[in-house]
Amino acid sequence: MAELCHDWTRAQVLALFDLPFNDLLAQAHAAHRAHHDANAVQVSTLLSIKTGGCPEDCAYCPQAARYDTGVQAHKLMSVEAVLERARAAKAAGASRFCMGAAWRAPKDREVAQVAEIVSAVKALGLETCATLGMLSGTQADTLKSAGLDYYNHNLDSAPEFYAEIIHTRQYQDRLDTLEQVRAAGMKTCCGGIVGMGETRAQRAGLLQVLATLPEHPHSVPINRLVQVAGTPLAGSAELDPFEFVRTIAVARVLMPASMVRLSAGRAGMSDELQALCFFAGANSIFHGEKLLTTGNPDVAHDQALFARLGLHALHGDTASDAHAHIELDATADCCVGGCGCDAAA
């Protein structure tokens, strides 16, 4: 199996984006088949365990306290309330339970409370994931000890576009948290949002940063902006659906062993668009009627779509096995051909 590469250049990534659509999809699908069951999709459920009241100013987020979006702030849910939802998610076919809390950076006592929830969910036999904001090294260790498998912390966009959408933290803050998570021995879940007004070059920039991290994220969520009234990005021009598929395909080529997840925005996607994304290398979704505070296709619709496409839910995540069995070499020639760069010659 081919080595994973960590030295992609922005020019190489842009060259992939610029390929004829069919050529890009063929390359992405080949990479997908080389590392994954092409007809298996990992299914997760996402629950907001602490909603609203966030002090940050992320221009896309309905949970920011400064925006009038109709989202009401709620305190951290109890262990039993979360367990009730986790049991239901498992019964509906989810193999991973993801928990989100709208904090900028949780206090140690809050992390201890989440750690108790994580331990209880883990005991149900589910993989666990959390997104709580920025973490210290000690906090990351606490969550790891509690049994947290994945920590989500998205980069959102390219470094040069980041300041256009967020002013209350720096890009480096996000990279630092990812380093704390890796150092604690947890798997990273890290991706971004497209359709925020960024250029194709900036979409390439996001994927290039992800693909040149010390370790490829085990899960790479690609979110299509959900425009929420009251946020600064409401009314933005919608991203061309084919450009979204291209983004999925390029992510698959760059990070072939990672799980590429169709995340926010699926409720606005046709079945045909989702099918193209699965062919291009997406192999993970959230199911359930809500993602934190925004809509999502219901479980029955997803099950019907899987049946129409001959897909099946993946029980457990094989991404860690793929990472474990592929020799990583940051000096390898990373071009897989077809992108037009010198390395392909």
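- Looking at Q202, its side chain does come within 3.5 Å of a backbone N or O of T199 through a donor-acceptor pair.
- Counting heavy atoms from C-beta outward, W8 and V250 have side chains that stay 4.5 Å or more apart.
- A donor-acceptor pair under 3.5 Å links the side-chain atoms of D57 to the main chain of H167, judged by distance alone.
- In this structure a side-chain-to-backbone donor-acceptor pair under 3.5 Å is present from E110 to K107.
- Connection of M134 to L175 is not established within any shared hydrophobic cluster, with ILVMFWY side chains joined at heavy-atom distances below 4.5 Å, either directly or through further cluster members.
- Side-chain N/O atoms of N283 and Q42 include no donor and acceptor closer than 3.5 Å.
- At distances below 3.5 Å, not a single donor-acceptor pair connects side-chain atoms of D23 with backbone N or O atoms of P20.
- No continuous path of ILVMFWY side-chain contacts below 4.5 Å connects L14 to L207, so the two sit in separate hydrophobic clusters.
- Annotation: ring pair (Phe, Tyr, Trp, His ring centres under 6.0 Å) contacts involving residues 54-95, sequence neighbours excluded, are absent.
- Residues T188 and H218 are in side-chain contact: their nearest non-hydrogen atoms beyond the backbone lie under 4.5 Å apart.
- Summarising the geometry of G100 relative to L46, their closest heavy-atom pair is N-CD1, 4.3 Å, with the distance given to 0.1 Å.
- Side-chain atoms of S157 and M196, non-hydrogen and from C-beta on, do get closer than 4.5 Å to each other.
- Contact check for R261 versus I222: no side-chain heavy atoms found under the 4.5 Å cut-off.
- No donor-acceptor pair under 3.5 Å is formed between the side chain of K144 and the backbone N or O of A184.
- Within the 4.5 Å cutoff, the side chain of L213 has no heavy atoms near those of the H6 side chain.
- A donor-acceptor pair under 3.5 Å links the side-chain atoms of R252 to the main chain of G281, judged by distance alone.
- Both L210 and L178 belong to a single network of hydrophobic side chains, linked directly or stepwise wherever heavy atoms of I, L, V, M, F, W or Y lie under 4.5 Å apart.
- S119 contributes a side-chain N or O that, together with a main-chain N or O of A146, makes up a donor-acceptor pair within less than 3.5 Å.
- Geometric assessment of R246 against the ring of F21 yields a negative cation-pi assignment under the 6.0 Å and 45° thresholds.
- Pairing each heavy atom of Q227 with each of L233, the nearest pair is OE1-O, 3.7 Å.
- To the nearest 0.5 Å, atoms CG (L225) and CZ (F244) are separated by 11.0 Å.
- Scanning both residues, P106 and L135, for their nearest heavy atoms gives CG-CD2, 4.0 Å.
- Cluster annotation: L276 is connected to V41 through the hydrophobic network of ILVMFWY side chains, with a link wherever side-chain heavy atoms come within less than 4.5 Å.
- The shortest heavy-atom contact between W103 and L76 is CH2-CD1, 4.1 Å.
- With hydrogens and angles ignored, the 3.5 Å screen pairs a side-chain donor or acceptor of Q139 with a backbone N or O of S136.
- Within the 3.5 Å criterion, the main-chain N or O of A81 finds no donor-acceptor partner in the side chain of E84.
- Every residue meeting the salt bridge (charged side-chain N to carboxylate O under 4.0 Å, His left out) condition with R182, not counting sequence neighbours, appears here in chain and number order: E179.
- In the model, D176 has a side-chain atom that pairs as donor or acceptor with a side-chain atom of Q172 under 3.5 Å.
- Between D156 and the options R203, R174, R169, a salt bridge (Lys or Arg N to Asp or Glu O under 4.0 Å) holds for only R174.
- Put simply, NE2 on H153 and OG1 on T177 are 4.0 Å apart, with the number rounded to the nearest 0.5 Å.
- Distance CG/L254 to CG/L16: 6.0 Å, rounded to 0.5 Å.
- The side-chain heavy atoms of L206 and F161, taken from C-beta on, include no pair separated by under 4.5 Å.
- Nearest approach of A211 to H216, heavy atoms of both residues: O-NE2, 3.1 Å.
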Begin with the C-alpha distance, continue with both residues' side-chain angles, and end with the deciding distance and a verdict on salt bridge (charged side-chain N to carboxylate O under 4.0 Å, His left out) for R87 and E80. CA-CA 10 Å; R87 293 187 190 103; E80 188 52 46; 3.1 Å; yes
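- Taking the ring centre of Y150 as origin, the terminal cationic atom of R96 falls inside the region bounded by 6.0 Å and 45° from the ring axis.
- S48 and T51 share a donor-acceptor pair across their side chains, judged by distance under 3.5 Å alone.
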May I have the step-by-step check of salt bridge (charged side-chain N to carboxylate O under 4.0 Å, His left out) for D149 and K187, ending in yes or no? CA-CA 6 Å; D149 297 303; K187 299 169 186 174; 5.8 Å; no
Test R10 against E160 for salt bridge (charged side-chain N to carboxylate O under 4.0 Å, His left out), laying out the working first. CA-CA 13 Å; R10 178 76 68 94; E160 69 271 22; 3.0 Å; yes
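- Closest approach of N223 to A264, counting heavy atoms only: OD1-N, 3.0 Å.
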Run the numbers on Y151 and C129 for side chain to side chain contact (heavy atoms under 4.5 Å, CB included), then give the verdict. CA-CA 5 Å; Y151 193 79; C129 180; over 6 Å; no
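- Between P159 and V209, some side-chain heavy-atom pair lies under the 4.5 Å cut-off.
- The side-chain heavy atoms of I193 and E198, taken from C-beta on, include no pair separated by under 4.5 Å.
- The list of salt bridge (Lys or Arg N to Asp or Glu O under 4.0 Å) pairs with a residue in residues 26-43, not counting sequence neighbours, is empty.
- Below 30°, between 30° and 60°, or above 60°: for H29 and F279 the angle between ring planes is below 30°, a parallel geometry.
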